[in-house]
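Right, one structure below, let's go through it.
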Amino acid sequence: MKQELEQLLQAALEKLAGSLLPEKPAASSVVVERTREAQHGDFASNVALRLAKAARVKPRELAAAIVAALPANELVARTEVAGAGFINFHLAPQAYARELAAIHERGAHYGESALGAGRRVLVEFVSANPTGPLHVGHGRQAAYGATLASVLQAAGYDVAREYYINDAGRQMDILAASAWVRYLELCGERLPFPENGYRGDYVRVLAQDLKAAAGEATLRRPAAAVLANLPADAPAGDKEAYIDALIARARELLGSDGFRQVLELLLEAMLTDIREDLGEFGVTFDNWCSERALAESGAIDHALAVLESQKRLYRRDGALWFRATEFGDEKDRVVVRENGHKTYFASDIAYHLNKRERGFEHLIDVLGADHHGYVARVRAGLAAMGQPGDCLEAPLIQFVSLYRGTEKIPMGKREAQFVTLRQLRAEVGNDACRFFYLMRSHDQPLDFDLELAKSRTNENPVYYIQYAHARVASVMKQLAARGLAFDRAAGLAAVAALTASHEQAVLRSLARYPEVLEQAAVNRAPHALVHYLRELANAFHTYYNAEVFIVEDAPLRNARLALVLGVQQVIRNGLTLLGVSAPETM
RNA sequence: GCGCCCGUAGCUCAGUUGGAUAGAGCAUCAGGCUUCGAACCUGAGGGUCGGGAGUUCGAAUCUCUCCGGGCGCGCCA
């Protein structure tokens with residue numbers, strides 16, 4: 001609808017070019033928007049206001065000329081000049097009838113567009129270190145990333161979803177050491193737990209897995225051998241030095257192959273847990289990309305070679321540096337440390353180059369808000385390797401605070417007091433969980449009220465939308481119970497009978513769905529969809545209370561049913577994108 | 001100190017290529033079920049869009065500045 005009006009305006013402006021207007025304006029300046037006030041019609045354009053100055057004409061005069069030059073169109077009932085020079089469009093009833101027919105015709109595909117023109121986009125999200133269970137912050141990133149990917153797909157992009165597994169670094173070694181110590185405890189050894197180790201209960205579970213898989217023969221070592229000559233742990237000593245020494249000792253006692261086997265087993269267990277957790281949450285990935293596999297494939301050396309060939313590397317203090325400042329970063333970055341180890345940053349730019357080399361035009365990294373400092377750096381890396389710097393985009397997801405009513409739940413990393421995604425899902429349910437995560441703009445910190453999310457009262461917005469969907473299903477059951485059947489063709493043919501103000505409001509709301517979906521895609525703002533669905537449900541509930549659908553008059557009855565089935569379809573489409581179920585009964 | 005995000009009704013928040021009289025939900029108050037599900041609907045009150053200045057036909061939106069809050073600034077990952 002909107003696009004058609006914009007095309008009409010464009011045509012009118014082309015007619016005026018050379019006379020009233022100096023030149024044909026760019027298509028991007030011709031914009032039509034929904035009006036706020038019903039008296040201003042359905043759509044309005046400020047194009048005359050925007051062009052008046054350059055054309056040296058009064059805005060209202062220009063607007064009048066544009067209106068006069070508009071080609072006739074069956075969708076438009078009336079056009080007028082209003083206010084300072086707005087052009088208001090009042091749509092003909094058949095415009096909405098046509099839209100309702102489109103909903104019935106396209107069904108689950110209604111709302112999709114070709115905006116993205118098949119461009120390949122990689123959405124990377126969650127990518128939590130496999131060193132512990134996902135927490136509520138990851139949950140928000142999961143919900144956001146999954147829905148953003150779905151919305152982009154609906155908008156015509158060729159989308160792939162990816163999880164980057166940080167399985168190469170020191171954090172994994174620390175997990176291995178932590179689990180091994182717990183394992184030794186299980187075997188009956190007595191030794192202190194490292195201050196810098198992972199303390200969660202899941203580590204004890206991992207230790208049991210280890211024992212079940214390996215028994216005592218291969219991995220058990222006497223505590224005395226483990227602890228011999230280790231430096232002091234905190235608080236007397238340095239916890240970082242201690243854990244590093246412990247890791248080295250584990251490698252020494254188990255052999256590098258043995259240590260690696262422990263690591264592999266833990267990694268597999270953690271990834272299985274994360275995968276299941278996300279799967280139950282309705283979040284799936286097309287690819288799980290391993291940092292270690294990437295390194296083994298030579299991708300990091302490849303990226304460094306590219307940087308070298310571009311003369312973007314230099315040596316200082318024994319380390320190899322990348323001239324990031326030449327590409328907008330605030331300081332140069334080390335890629336190979338003095339000790340010969342490549343930095344995380346090196347593997348990260350290699351990973352992003354790899355994404356581009358796999359054919360993705362556009363890269364979206366969904367990141368936690370605490371990662372903002374590092375976007376500029378990766379972008380600098382991409383630019384230095386000859387990639388367009390703006391191919392990378394990173395929506396930053398602000399933090400989540402949990403509340404019970406007004407009481408804030410502390411979320412220390414050390415003691416797990418209700419911080420995992422799994423616990424959150426178990427308590428409030430997947431639907432409420434996804435919904436609450438997506439209700440707010442991602443760049444706004446989120447206060448997640450558990451009591452509200454759990455409540456089955458009118459305070460909870462999830463049920464409000466689902467209820468509208470279930471109510472339509474209930475109406476259809478009632479129809480069948482009365483021995484009547486819905487005649488779609490007859491209903492769609494009689495849409496002109498839907499003249500009541502509540503019916504008009506529902507029709508208008510329905511027709512906005514494709515626009516909302518495009519907006520959500522362009523702005524990376526899935527929450528726009530949530531707000532829209534609430535409005536649509538509101539229009540429906542109001543209508544439901546005002547009119548009876550199952551009436552004697554068959555054409556009117558079928559028209560009304562066609563309308564509410566349209567509502568049901570759009571709600572289902574929207575909820576599906578959000579990852580929330582659309583139940584027939586509640 | 002430097003950088004990023006944010007500040008809108010009592011509370012939680014929508015409102016981005018600058019648009020017409022700033023909107024929802026909750027809470028509060030007043031109403032609505034012998035009729036398709038009351039997990040619903042209708043109405044009312046509630047605002048210095050953090051303060052100030054600027055840009056212009058027009059600013060919650062853009063710029064500057066100040067105040068307040070969150071986060072980040074490693075040869076860690």
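By convention in this document, chain letters (A, B, ...) are assigned in the order of the sequence lines, proteins followed by strands, and residues within each chain are numbered from 1.
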Notebook entry, point to check: Using a cut-off of 4.0 Å between protein heavy atoms and nucleotide atoms, how would you tag nucleotides 6-13 of chain B 5' to 3' with B, S and -?
Noted result: S-----BS
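Taking only distance into account, the side chain of A:Glu547 never meets the base of B:U35 through a donor-acceptor pair shorter than 3.5 Å. Remark: the A:Asp370 side chain and the B:G72 base include no donor-acceptor N/O pair separated by less than 3.5 Å. Judged by distance alone, with hydrogens and angles left aside, A:His372 brings a side-chain donor or acceptor within reach of the base of B:C71, the pair sitting under 3.5 Å.
Listed pair A:Arg333 / B:G74 fails the phosphate criterion, with no side-chain N or O lying under 4.0 Å from OP1 or OP2.
A distance of about 40 Å separates the C1' atoms of B:G15 and B:G74, rounded to the whole Å. Taking the C1' atoms as reference points, B:G50 lies 10 Å from B:U8, given to the whole Å. Nucleotides B:G68 and B:C62 place their P atoms 22 Å apart, quoted to the nearest Å. Only the P atoms considered, B:U56 is 16 Å distant from B:U63, to the nearest whole Å.
The aromatic rings of A:Tyr374 and A:Tyr344 sit parallel, their planes meeting at an angle under 30°, below the 60° perpendicular limit.
Contacts between residues 548-562 of chain A and RNA chain B, defined by a heavy-atom separation under 4.0 Å, are made by A:Val548, A:Phe549, A:Ile550.
We find that the ring of A:Tyr464 and the base of B:A39 do not stack by the test of centres under 5.5 angstrom and planes tilted less than 30°.
Remark: B:G3 base-pairs with B:C71; criterion is Watson-Crick or G-U wobble with both hydrogen-bond distances under 3.5 Å.
Closest to the A:Glu330 side chain, of the nucleotides B:G37, B:C73, B:A20, is B:C73. Across B:A77, B:C71, B:C75, the shortest atom-to-atom separation from the side chain of A:Asn129 is found for B:A77. Comparing B:G19, B:C36, B:A77 by their nearest atom to the side chain of A:Thr343 picks out B:A77. The side chain of A:Arg50 sits closest to B:G18 out of B:C4, B:G18, B:G37. Residue A:Arg36 places its side chain closer to B:A22 than to any other of B:A22, B:C76, B:C40. When each of B:U42, B:C36, B:C76 is scored by its nearest atom to the side-chain atoms of A:Tyr544, the top-ranked nucleotide is B:C36. The listed nucleotides are B:C75, B:C40, B:A39; the one nearest the side chain of A:Val334 is B:C75. For A:Arg534, taking side-chain heavy atoms from C-beta onward, the closest of the listed nucleotides B:A38, B:G25, B:C5 is B:G25. Residue A:Asn88 places its side chain closer to B:A20 than to any other of B:A77, B:G37, B:A20. The side chain of A:Val31 lies closest to B:U17 when the candidates are B:C40, B:U17, B:G19.
In plain terms, the two heavy atoms of A:Trp321 and A:Asp332 that are nearest each other are CZ3-O, 3.6 Å.
By the side chain to side chain contact (heavy atoms under 4.5 Å, CB included) test, A:Glu33 pairs with A:Val31, sequence neighbours left out.
Side chains of A:Tyr198 and A:Gln171: a donor-acceptor N/O pair is present below 3.5 angstrom, by distance only. A:Arg524 and A:His442 form no side-chain donor-acceptor contact under 3.5 Å, judged by distance and modelled atom types alone.
Sequence order on RNA chain B of the closest nucleotides to A:Leu49 and A:Gln478 puts A:Leu49 first from the 5' end. If you find the closest nucleotide of RNA chain B to A:Ala82 and to A:Met476, the one lying nearer the 5' end belongs to A:Ala82.
Within a 6.0 Å sphere centred on NZ of A:Lys477, other residues, nucleotides and ligands contribute more than 12 heavy atoms.
Regarding A:Arg34, its CZ atom lies at a distance of 17 Å from the C1' atom of B:G19, rounded to whole Å.
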